[in-house]
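Heads up, the thing below is written out as structure tokens.
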Amino acid sequence: MNDNILEIENLHVRFSTFDGEFSAVNNVSLTLGTNESIGIIGESGCGKSTLSFTVMRYLANNASVEGSVRYKGENLLEKTEHEMEKYRGDRIAMVFQNPYSSLNPALTIGFQLDEVGMHHQKLSKKKAREATIQALELMNLGDPKGIARRYPHQVSGGIQQRICIAMALLCRPDLLILDEPTTALDVTTEAVILDSIKELKDKLNMSLMYISHDMGVINKVAEQVVVMYSGEIVERGPKNEIFDNPTHPYTRALINCMPRGGVVKEKTKLNTIPGYVKRRGAHEGGCPFADRCEKRNDTCESKYGIRQVGEKHFAACDRAYATDIPDTLKEKLSPLQQEVQSFDSQEDLLQVSNLHKIYGTRRKVYAVNGIEFAVKPRSVIGIVGESGCGKSTTGHMVSGLYKPSKGRILFGDTDISIAWNKRNKETLKNIQLIFQNPGRSLNPSHTVEQIIGRAMKKLANMNDAAERREKIIQILKKVDLGKDYLEKKPRQLSGGEQQRVAIARALSISPNLIVCDEPTSALDVSVQASVLNLLNDLQAETHAAYMFISHDLNVINYLSDYIMVMYAGKIAEYGMRDEVMNPPFHPYTEALLSAMPEVDPTKQKEPIELLGQLPDPAKKPKGCPFAGRCHKQVGEICEKQYPPKVQLSDSHYYYCHIKPTA
Amino acid sequence: MKYILYQLKKHPLAIVGIAIILFWLIMASVGPSLLSYTHTAMDSENQMAAPGEEGHLLGTDSLGRDLLARIVYGSRSILTVALMTSIVSTFIGVILGFSAGYFGGKIDTTFLRGMDILMAIPPLVLSMVILGILGDSSILSLTLIVSIAFVPATARVSRGVLLTEKSQEYVSAARIRGESHLYIMFVEILPNTTGPIIVEATARFAYSIMMVASLGFLGVGLQPPTPDWGMMVIENKPIIAQAPWTVLFPALAIASLVIAISIFSDFVSKVLIHER
């Protein structure tokens, strides 16, 4: 009798579609012991979610499955739908990525949780409610009785996800599958959820299967790591071995392309993986990664197969450090500019003073609540904060999508605190915006040439079609896209290519300021790295200033000269990058920094847990907006009085009642 | 093209629908030249002939007019009116619905209330009233009136699809590029809404056949001697006991065309919208 809770053997999943049959999961075998946690990592399109759906038997009907999935020795693939009911939700539970869509908005939370107990354990209504309350208590949700009476929209995203987990835990399953449960959430919330998942695993003696694209998250929760690429397992083994000694080139590349804590643009470029994940045909052989691998040789096709490289460490390839092909990693990583630039002498390109954005008339929402900052020409200012802190609204006001409710934005000498329809052509040309989701910011029915050309025609007065085409080809080349992209439409491009087109569009008319609104957060890590490199190179070349908005402090740290931390529509801290990052002065900056998942397993840190929620944006807080969640609160003064500006240097200031000690 | 064939294979019913529509289109275009009778010729010796008798494939009515000829000629007028109606009502609907949805605010509210008023009156009643007032039922006026009756529906659909597209970021991108409203509405947004709009237009096509036939049945549709399927049903109603085919065949013609177009419309929506 073995104690493995889940054994997957030679699993193949294929989908037949209009474009022919393709393989989503290919020859996957793995085992998961009792009370073990396994992390599955890979970029999108690598079959991670399909694998978890196969275990739950949630596959679409055009899928064909081969192999076996054994749960405690029983093959789940042979069960009928009716028999599966005993497992789903009861013995094996799953938590999905998006809590908003997995809860029914029309039913109270308590009702939805009660159903689970009533259905699976045949509890009476009263007993079911007791179980519900218990499950909610497990997730450390204060006032579980109150929450049970509410509807999903009345609680925040983080709490919704905790409710989803509570629902999964209600029947005390043996196996919990989590499919990117924290991807849609803020880092501070993520840190809290990851901690409680880890704690509960031991408390309830569960096994975990954790799916994520984020090495840092996997590092926090998993003991075993499985790296998937294009439907296949390319490497698996204990976490430390995978991180310390990645044997497959993909694993190595994946670990290297994260902008990790402390990496900055002057010191190194980010490692990238060229190309993108391709769909595989149903019966293709060989290494799926070969076409993107720089260590490929003749054996990739013929000698492919997963093999043992350590005691518990398996990999499909061991050429990560092969010496017959020289390592270009060092060369690739050398940055363009080595010097930290100085911006002191320059005049401000953009000056923002007392900027407000208030939504709504009756119930006012203070999205941006009186902020003041300046952007130097040729510099990169990174704006960071959790969702709802007003960073995007600020960017949109600068680019003209929204008109500020109050305050002034000066661009050079022009007052641009007006919306797009009142701005002159010159201003529209000089401030460009790159959106978060390239798929939505490029018109799906226009070709790349039309998309880029229209901006040039409209704003740069380039009316000659042939000349314009020439210029577009040049710009496409700059963003590493060939001439053959001219006639393509956005949906024929991958996410990374789409974002490159969006960048090309912004650059085509040589603006002075580019507002980048989370341009990499919809992309995979390897693609994110190449887009960040590209943005960095182009900045060195064109000298445009960037206003870079992101929730990811690592990305901001990598790219920015200045960092502005925002919280609840206010600036928490502002300064040169190094002044803000080491060490952070504002408690919120400190908390953000500590919540960033660390990729290096040797550098585990204790996150500062931020409890509570963002303050109600409809109330103008009297005191410090962060007071309610602050771990360093000094006393009543925090709630009562808005904190003073503490100026540490010419460029560095923060708002807090705590004075610097040194 | 290959994709359409693939979809056809998955939805065999659609083939039947398309075949019936093609049949009627061919009938309407070349049918009359294949017939030995015209729709007005009265064969006074063979009144109420049963189908197949005396060279009348579908029989004759009480005046001895050939039913087949009348149905074939009738298909011309009904298809013309229906096709034009669906085009005109979609065109007007898109312009109204897009303007209302795009500009929003008071324009949108006024639009919605206006459409509510029009929608409160059933399209059939509305058309009857206007036709009654005008007292004129040519193909052109019939087209215009039925179109107006359908505009509230097409306009609402257009407004709906515009609203979903309007929130897309490419619209914001066009705005901060300083594009005009017309450019954004018709160059940026329109090409991305063709799917739902075409589906709505085909559905309107089926509805307008029903409508024209109903108006004919009520006696306010196309006036004689233009043959009209709806009118044929009502004019032969008194002799339904002696010659049931005189009512059955025009009714079958209406039903087959409406059902075929509905099937086709479902198929179009599957191809254009759901399976993208």
Side-chain angles (χ1 to χ4, degrees), chain A residues 16-20 62 392 395-402 416 419-447 450-452 454-460 489-491 498 501-502 505-506 508-509 511 515 517-518 522, chain B residues 1-12 14 94 98 102-107 109 158 161-199 267 270-276:
Chain A
S16 65
T17 64
F18 165 63
D19 301 315
N62 62 343
S392 283
H396 287 176
M397 279 192 282
V398 170
S399 60
L401 271 183
Y402 307 142
I416 56 159
W420 48 277
N421 50 4
K422 302 233 171 62
R423 292 192 178 184
N424 61 24
K425 221 169 161 183
E426 192 59 26
T427 315
L428 288 175
K429 171 188 161 294
N430 277 329
I431 304 179
Q432 286 296 309
L433 176 62
I434 297 173
F435 293 88
Q436 171 170 7
N437 193 325
R440 273 185 269 157
S441 67
L442 306 175
N443 192 327
S445 44
H446 291 182
T447 62
Q450 281 172 309
I451 288 168
I452 302 175
R454 182 68 196 177
M456 291 162 77
K457 188 174 169 187
K458 188 81 192 165
L459 296 173
K489 291 198 173 167
R491 75 183 131 85
Q498 287 176 347
V501 172
R505 169 170 69 184
S508 63
I509 44 180
V515 180
D517 186 8
E518 307 245 14
Chain B
M1 195 60 215
K2 218 174 132 197
Y3 181 66
I4 294 174
L5 286 179
Y6 168 79
Q7 286 291 345
L8 274 177
K9 219 190 250 167
K10 267 174 75 181
H11 306 281
V94 166
F98 267 36
Y102 182 82
F103 293 107
K106 280 196 182 122
I107 298 179
T109 319
S158 316
V161 291
L162 175 117
L163 286 184
T164 48
E165 287 295 316
K166 195 180 143 191
S167 60
Q168 297 281 338
E169 285 166 349
Y170 69 84
V171 177
S172 306
R175 283 187 176 162
I176 54 174
R177 200 161 66 220
E179 300 287 5
S180 69
H181 298 313
L182 277 179
Y183 183 91
I184 295 179
M185 269 194 272
F186 294 107
V187 184
E188 295 279 340
I189 297 179
L190 184 64
N192 297 312
T193 57
T194 44
I197 289 176
I198 289 175
V199 170
F267 174 68
K270 277 197 186 98
V271 172
L272 289 179
I273 305 175
H274 299 305
E275 315 216 343
R276 262 272 161 88

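Order of the sequence lines fixes the chain letters, A, B, ..., with proteins taken first and strands second; residue numbering starts at 1 for each chain.
For chain B, the nearby part of A:L442 is the backbone; its heavy atoms alone come within less than 4.5 Å. Contact of B:V187 with chain A is made through backbone and side chain together, with heavy-atom distances under 4.5 Å. For A:R423, no part lies near chain B; criterion is any non-hydrogen pair under 4.5 Å. Both the backbone and the side chain of B:E179 come within less than 4.5 Å of a heavy atom of chain A. Residue contact with chain B, scored on non-hydrogen atoms closer than 4.5 Å, is absent for A:N424.
For the set A:G400, A:P438, A:G439, A:A455, the entry with the most heavy-atom pairs within less than 4.5 Å of chain B is A:A455. For chain B, the option among A:R505, A:Q450, A:H446 with the highest count of heavy-atom pairs below 4.5 Å is A:H446. Each of A:I451, A:L459, A:I509 has some count of heavy-atom pairs under 4.5 Å with chain B, and the biggest count is that of A:L459.
The closest side-chain heavy-atom distance from B:L162 to B:T193 is not below 4.5 Å. The closest side-chain heavy-atom distance from A:M456 to A:S508 is below 4.5 Å. Using a 4.5 Å heavy-atom cutoff, the side chains of B:F103 and B:M185 are in contact.
Nearest heavy-atom pair, A:S441 versus A:A502, reported as atom, atom and distance to 0.1 Å: OG-CB, 4.5 Å.
Note on ring orientation: taking the six-membered ring where Trp is involved, the planes of A:Y402 and A:H396 are perpendicular (angle over 60°, cut-offs 30° and 60°).
The pair A:R454-B:E188 fails the salt-bridge criterion, with no side-chain N (NZ, NE, NH1 or NH2) lying under 4.0 Å from an Asp/Glu carboxylate O.
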